[in-house]
Structure formats: structure tokens, C-alpha cells
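Each remark here refers to the structure printed beneath this line.
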Amino acid sequence: MPDIVVTVVQGDPARRDERTVAAGTKAWELFRDTPSVIAARVGGDLRDLACELSDGDVVEGVEIHSRDGRDILRHSTAHVMAQAVQDLYPDARLGIGPPITDGFYYDFDVPEPFKPQDLEQIETRMRKIVKEGQRFSRRAVSDGDALGELADEPYKVELIGLKGGRGDAEQAAEGASVEVGAGELTIYDNLRRDGSLAWKDLCRGPHLPTTKRIPAFKVMRSAAAYWRGDEKNKQLQRIYGTAWETKEALEEHLHRIEEAERRDHRKLGRELDLFSFPDELGSGLAVFHPKGGVLKREMEDYVRRRHIEEGFSYVGTPHISKEGLFHSSGHLPYYADTMFPPMEMEGARYYLKAMNCPMHNLIFASRGRSYRELPLRLFEFGSVYRFEKSGVVHGLTRVRGMTQDDSHSYVTPEQAPDEIKHLLTFVLGLLKDFGIDDFYLELSTRDDSRPDKFVGSDQDWATATEVLERVALESGLEMVPDPGGAAFYGPKISVQARDAIGRTWQMSTIQYDFNQPAGFDLQYQAADGSRQRPVMIHSAKFGSIERFIGLLVEHYAGAFPPWLAPVQVQAIPIAERHIDYLLEVAARLRSRGIRVEIDDSDDRMQKKIRNAQLQKVPFMVIAGDKDVEAGAVSFRYRDGHQDNGVPVEDAIARVVESVQNRTQV
């Protein structure tokens, strides 16, 4: 057979090596000296290393520590877990098992929920499968053959019925795209070393060459999950696991989980008496206690002032509106599933608002506008309500009632690039003020294969996307594409922020909207007297106040910088006779705007100090006889460092300076 020519890409896309190889060469042969390569990208598509190459192919090695490599590792480990479950529980029926952030899961239909000891047995069985070195072998099958082979797997049979396009499958069931998509169906056989079949599963792949290439994994926990995420369907048992490229990476991940649990904002919210979620209110609805109210107010006051400094006008809008408003904005029917059901009143249907932008459009349209007014920037803390499914509600980070720091800029098309640049600079500066300074950007664009999900012309989308992309690139920050992640009315930039332990949170969004101005027939008078359509730029600096508070609690592990701390100074008398002296000190602190409390309980001094530390108060001022005589205090920091005999005025100055400079202690 004649030789073929392939191009090998290694690491840097610019490093291309053209090679002449024998016909029938497989991808693994190109990377036999690079053990970290576990799959290949051939012509842009992810493939198994066992795939046979063709003349002209461009082949790039996928290393196990890369994003794609980790997904392949985790999906392969999910197959091993499913095999282990069916080895131990032969009657278990298979659902879906995709890779997810930092791990994977697989859903099973079993008679009884899994218990902790069951998970231990499953992990032990997985280790035996890994040690066997079973080979992942891909084979294409017809729909009919697949239905025959998997007749005993009702959920797989249902997935085969969804075949016809990745978007259709993924929309019908989260994770289904790892199993079925456009084109042919494939089944992966797990083959023992003697070639006999150990197990098989419907899957698109790719996979690791063998189970022995799984370096480190752990079964984490189990939970209930409705089939295809629909409460009307049967409840399955979902097992979560994680897999990493080295044992060290796994240990680091498990340490991060321990640290995340220590920082969990729900736990700290209770301990620090910040907020709660009363059952009487309903799922996803938070109440802020006095200390949490201080934190929320400080955030809002600062953000409101900064918006005004950046040229925004503060406005206010109601929580409820007639249905027609959301048809004008285009949110109905696109957004209907995430809105609370309508209420009937006086012959009309009313919705709780899920977004503020339609009402800001009414403010713009309330009178004639001139080009001289543009950019016109409107801002509010708007209360909105989202009908989140109970299974995804999570503390403050996924709620049903929230307050958005929502703003909308109305600009001429020519002003749009500068306004987006202005907003991005504002966003990043504001996040830095709160101690968040590790970012990258995500550019969410339209999915051209799903035109029914988006509105507007191709030219509108191209213009909007080009403007956002140019501004994102000019920022100098890393930019990650997010194809298909745009809102129905336009593309967006989102700021992805990393917290103190390296987790990523989606924060601010900046969206280019050419749809709503048309839906509301918004116009301004141009310099030549003509009527023109403005462009609308949406921006939310934190997304929601609730979610950002959840992030801050976890980022700081509850130890807020003094300017945000609900209690900035705890005054601690050594004995009861020192209380009056500290009352005077506290009055002087309050006159400088400092939040101070006095612990006048009967507890011993050391317990009072311990209580203040548990409440993560930044500063303590302690007074005994010598302090009273000297007009001083013992000044104690949150970390335990203490300076004795500090004059009261000096102690006050230390606190005031730290608050004014927004420094952490």
C-alpha cells in the first residue's frame, strides 16, 4: 500500500511536523514516545489513539492534563464505574455518565439507594478493572443493531430515539451528547487481554486506550436525580466521582474540597448569623439577619456610589408587570420556563419580573431622546425572581429571589465599542475593590446550528460579536470561547473570577443587545434630525448581590476585610469595672463611622477573645486597670497578634485607616 503524508502538531499550534508514514498507521504510533498523550485531535475532531489515519490528516496529540484530556480520562473512568456497578448489581440499568467540572457522574436505576459501604465496594471493584488493563474498543453500529444489543437497557434505547443532532440530544437530556449525536451510533467494548468482552456501553467517545491509563480516581458520593432532569420521570441514583492525571493532582483536589467545605457560605452564614432560608418562605428565598444586612448594605452603598461616579442614573422599577411587556422584550416565549407562572388579575396576566431590562426600556421611551443624551446609562438594584428547579437551588449562589445590580447603556452603534470598554474597565475595577483580582473572560456567541434559539439577522450578530471580541482581546486578559452560550438577543462577555482557593465563578456580564430596542421601537433624534435606533448594552457587575455575597463569604472564609465586616471592632473589658471606659472608647469609634460592639457578658476574658475570633471580627480593643490609667487599650488583630498600651486615638486611627483603604488584616 502507498505511503501517506500527515501533519503532526505538538504543543504549540505553530509547531507542525509533516511526516510520511505507512498506510494504515494509527494515531498512537505518532506519539509512542509521549506517554502523556491519551487521545488525538484529527482534523479538529477528538478521536481515539487507535484511529487509523488518512492521507492529509492534521493530527494533534491530546495530553491527559489538558482540558480535553481530563474530560476523556473522566468519561473513561465513568465507564469503569458503570461496569463495576453492573458487576456488583447485575439488575442495575444504565442512565447517562458524562464528565463534569473536576469529575464525572453516572446515573443508575436500582431498587435501593446506594449506601456508603456500597460506594466503597464499587471503588474496590473499579480498582480491579483498572488493574486488568481492559482495552476501550470502538465500533460503529446501526440504529437497529444498537436497539437489539441494548434491548435490556431502556434508558439507552430512549437515548437512541433522540439521535439526530447534538443539540437535540443535549436539550432533551443533560449529558446525552456523550452518548448520541448526529451521524452514526457507536458502542465501546471493554475487552480483556484475551480479547473477550468484559462490558459495553453506548458512547460517542473518545476514550483512553486502556483502563490501566487511569492514574488516580475516587468515588465521592451518591444522590438522587430524575431521569433527564424531569420531576415527572423516574428518580435514579447518581454516583459522583473524580479522576486526575496523577495521584498528587487527586490529593490536591481532595484538599481543595476540604477547604471548600470549611468555607461553605451556607455553614458560615449560620455560624456568623448572616442569613438563613426559612422553610416558611420556600426554597431559594433568603432573609438577611442584622449582620448580613450590614454586609449587604455596605456592598450596595459602595456599588451605588461607584455607578453614579461612572455616569449612571439610579432608577427604580416594580416587581411585577403585565405579560405584554415580556413579549415586547422577546423574553416570552424564550425565557418562559425560568419565570414563575403568571397571575390572573383584572382580566390580565401578570408576571413576577425575571429581568429589569424591559422596564428600563420603558424609562428610555417615556419621552423623546436626542443623540446628545447618549450614552444614557440607567442603573438599579432590581429584585427579580427565577423559577429555578429545586434540585439546583444552592444557598445564595443559586436562588429564586435575587437582587441584581443591573444597568443598561443606550448608545449609538458608533459609541458601542467605547461603552463596552468603559463597562469592562468599570467591572474589573469594582471586583478588585472587593478583593477579587484573578480573572479571565468568556465570549459567548450564537449557535448557528440552532437558529430557533436566537433572534436577529446574521449581520447584527456578526457586528455585535466582532465588537465584543475586539474589546475582550484589547483588555489583555485570557479569552475563552463559549460557542452557543449567548443570550437569545445577543452575544456577551462574562468575567470569570477565581477565588482564594482557585475555583472559578461567573461574575459580571456585558451583553450587546440589538433586539430589544427594536421590540420597543426605541429611537433617538440624530444630529441630522433623523430618527435612529440605539444599541442597548446590558451589564451586571456581580450578577446578583446574593450570589456575590456567597462568593465573598467563601473567598474570605468569613473573615471579611474591615470595611465589609459586620462588626469591625469588639471591645472586651477584663472586668466589669472596665465597661464604662470602653463605652467611651466605643462612642469615639462610632463617631468615626466604625461598627463596634462591647462584650459585657459574664464570660472570662479569654472566652470573650475566643468568641470574637470565631465571629472573625477584624480588631479587638481590650482594657484593664493599666489601660484605663494610661488612656490606652491592648489592640488585638484577628490573627492573634496583639500590641499592648496603644493610646486610644492611635487605636482608632489604625481602624479608620484600614477601613478607608479597604485593606485586609
Side-chain angles (χ1 to χ4, degrees), residues 272-274 289-306 309 432-435 549 552-553 555-665:
L272 302 179
D273 196 20
L274 300 176
H289 301 187
K291 288 182 178 180
V294 170
L295 175 61
K296 188 170 184 286
R297 187 194 69 232
E298 285 294 325
M299 286 179 56
E300 291 178 347
D301 286 350
Y302 184 71
V303 171
R304 183 183 292 107
R305 184 171 74 251
R306 288 290 292 116
E309 291 170 356
K432 288 177 182 176
D433 289 343
F434 283 87
I549 288 175
L552 286 181
V553 171
H555 179 65
Y556 288 115
F560 301 108
W563 76 282
L564 286 173
V567 178
Q568 295 166 322
V569 178
Q570 184 76 57
I572 298 176
I574 292 178
E576 185 177 357
R577 62 182 178 273
H578 306 126
I579 292 177
D580 287 342
Y581 175 72
L582 284 178
L583 283 170
E584 295 176 5
V585 175
R588 292 170 67 180
L589 282 162
R590 291 189 184 104
S591 72
R592 301 291 297 275
I594 301 302
R595 298 183 289 275
V596 56
E597 291 185 355
I598 299 175
D599 188 343
D600 58 1
S601 69
D602 294 332
D603 292 332
R604 298 174 64 86
M605 181 188 70
Q606 291 303 324
K607 185 174 182 182
K608 292 179 180 181
I609 291 173
R610 175 63 176 160
N611 289 339
Q613 288 175 326
L614 289 173
Q615 288 297 301
K616 303 181 186 293
V617 178
F619 305 111
M620 287 168 256
V621 290
I622 304 168
D625 291 337
K626 291 184 179 179
D627 297 302
V628 173
E629 291 174 9
V633 293
S634 292
F635 192 84
R636 187 179 181 93
Y637 293 87
R638 185 160 45 200
D639 65 1
H641 172 69
Q642 182 170 311
D643 295 330
N644 297 323
V646 178
V648 169
E649 197 56 40
D650 289 352
I652 293 172
R654 291 186 189 186
V655 176
V656 170
E657 180 183 15
S658 179
V659 170
Q660 290 178 343
N661 294 336
R662 296 192 298 277
T663 55
Q664 177 62 303
V665 297

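We count residues from 1, following the sequence as given.
In this structure, Gln664 contributes its side chain and Ala559 its backbone to a donor-acceptor pair below 3.5 Å. One N or O on the side chain of Lys608 and one on the backbone of Ser601 form a donor-acceptor pair closer than 3.5 Å. Under the 3.5 Å distance criterion, the side-chain polar atoms of Arg595 are matched with a main-chain donor or acceptor of Pro566. For the pair Asp650 (side chain) and Val646 (backbone), a donor-acceptor distance under 3.5 Å is absent. With hydrogens and angles ignored, the 3.5 Å screen pairs no side-chain donor or acceptor of His289 with any backbone N or O of Leu272. Side chain of Gln568 to backbone of Pro562: a donor-acceptor contact under 3.5 angstrom is found. With hydrogens and angles disregarded, a donor-acceptor distance shorter than 3.5 Å links the side chain of Arg590 to the backbone of Val596. Checked by atom type and distance alone, the side chain of Asp301 never pairs as donor or acceptor with a backbone atom of Glu298 at under 3.5 Å.
Geometric assessment of Arg654 against the ring of Phe635 yields a positive cation-pi assignment under the 6.0 Å and 45° thresholds.
At a threshold of 4.0 Å, the pair Glu309-Arg306 counts as salt-bridged, since one of the basic side-chain nitrogens sits closer than that to a carboxylate oxygen. Residues Lys296 and Glu300 are paired through a salt bridge, judged by an N-O separation under 4.0 Å between the basic side chain and the carboxylate.
Between the side chains of His578 and Asp625, a donor-acceptor pair is found at a separation under 3.5 Å.
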- [ ] Before giving the answer on side-chain contact (heavy atoms from CB on, under 4.5 Å), spell out for Val567 and Phe619 the whole-Å C-alpha distance, their side-chain angles and the decisive distance to 0.1 Å.
- [x] CA-CA 9 Å; Val567 178; Phe619 305 111; over 6 Å; no

TODO: Begin from the C-alpha positions of Leu583 and Ile598 and carry the test side-chain contact (heavy atoms from CB on, under 4.5 Å) through to its verdict.
DONE: CA-CA 8 Å; Leu583 283 170; Ile598 299 175; 3.3 Å; yes

Task: Residues Ile609, Ile622; criterion side-chain contact (heavy atoms from CB on, under 4.5 Å); working and verdict - done: CA-CA 9 Å; Ile609 291 173; Ile622 304 168; 3.8 Å; yes

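With a 4.5 Å cut-off on side-chain heavy atoms, Ser658 and Trp563 do not count as touching.
Within 6.0 Å of atom CD in Glu576, 12 or fewer heavy atoms from other residues, nucleotides or ligands are found, so the atom counts as exposed in its surroundings. The neighbour count for Asp602 CG, taken as heavy atoms of other residues, nucleotides or ligands under 6.0 Å away, does not exceed 12. Within a 6.0 Å radius of CD in Gln642, more than 12 heavy atoms belonging to other residues, nucleotides or ligands are found.
Taking each heavy atom of Gln570 and Asp599 in turn, the nearest pair found is NE2-N, 3.4 Å. When all heavy atoms are compared, the tightest approach of Ile574 to Met605 is CG1-SD, 3.4 Å. What you find for Ala623 and Tyr581 is that their closest heavy atoms are CB-CD2, 3.8 Å.
To the nearest 0.5 angstrom, Asp603 atom CG is 10.5 Å from Ile572 atom CD1. Rounding to the nearest 0.5 angstrom, the gap separating the NZ atom in Lys607 from the CG atom in Leu614 is 10.5 Å. To the nearest 0.5 Å, atom CG of residue Asn644 and atom CZ of residue Arg636 are 9.5 Å apart. The CD1 atom of Ile594 sits 9.0 Å away from atom CD1 of Ile652, with the distance rounded to the nearest 0.5 Å. For the atom pair Glu584 CD and Ile579 CD1, the distance stands at 13.0 Å (nearest 0.5 Å).
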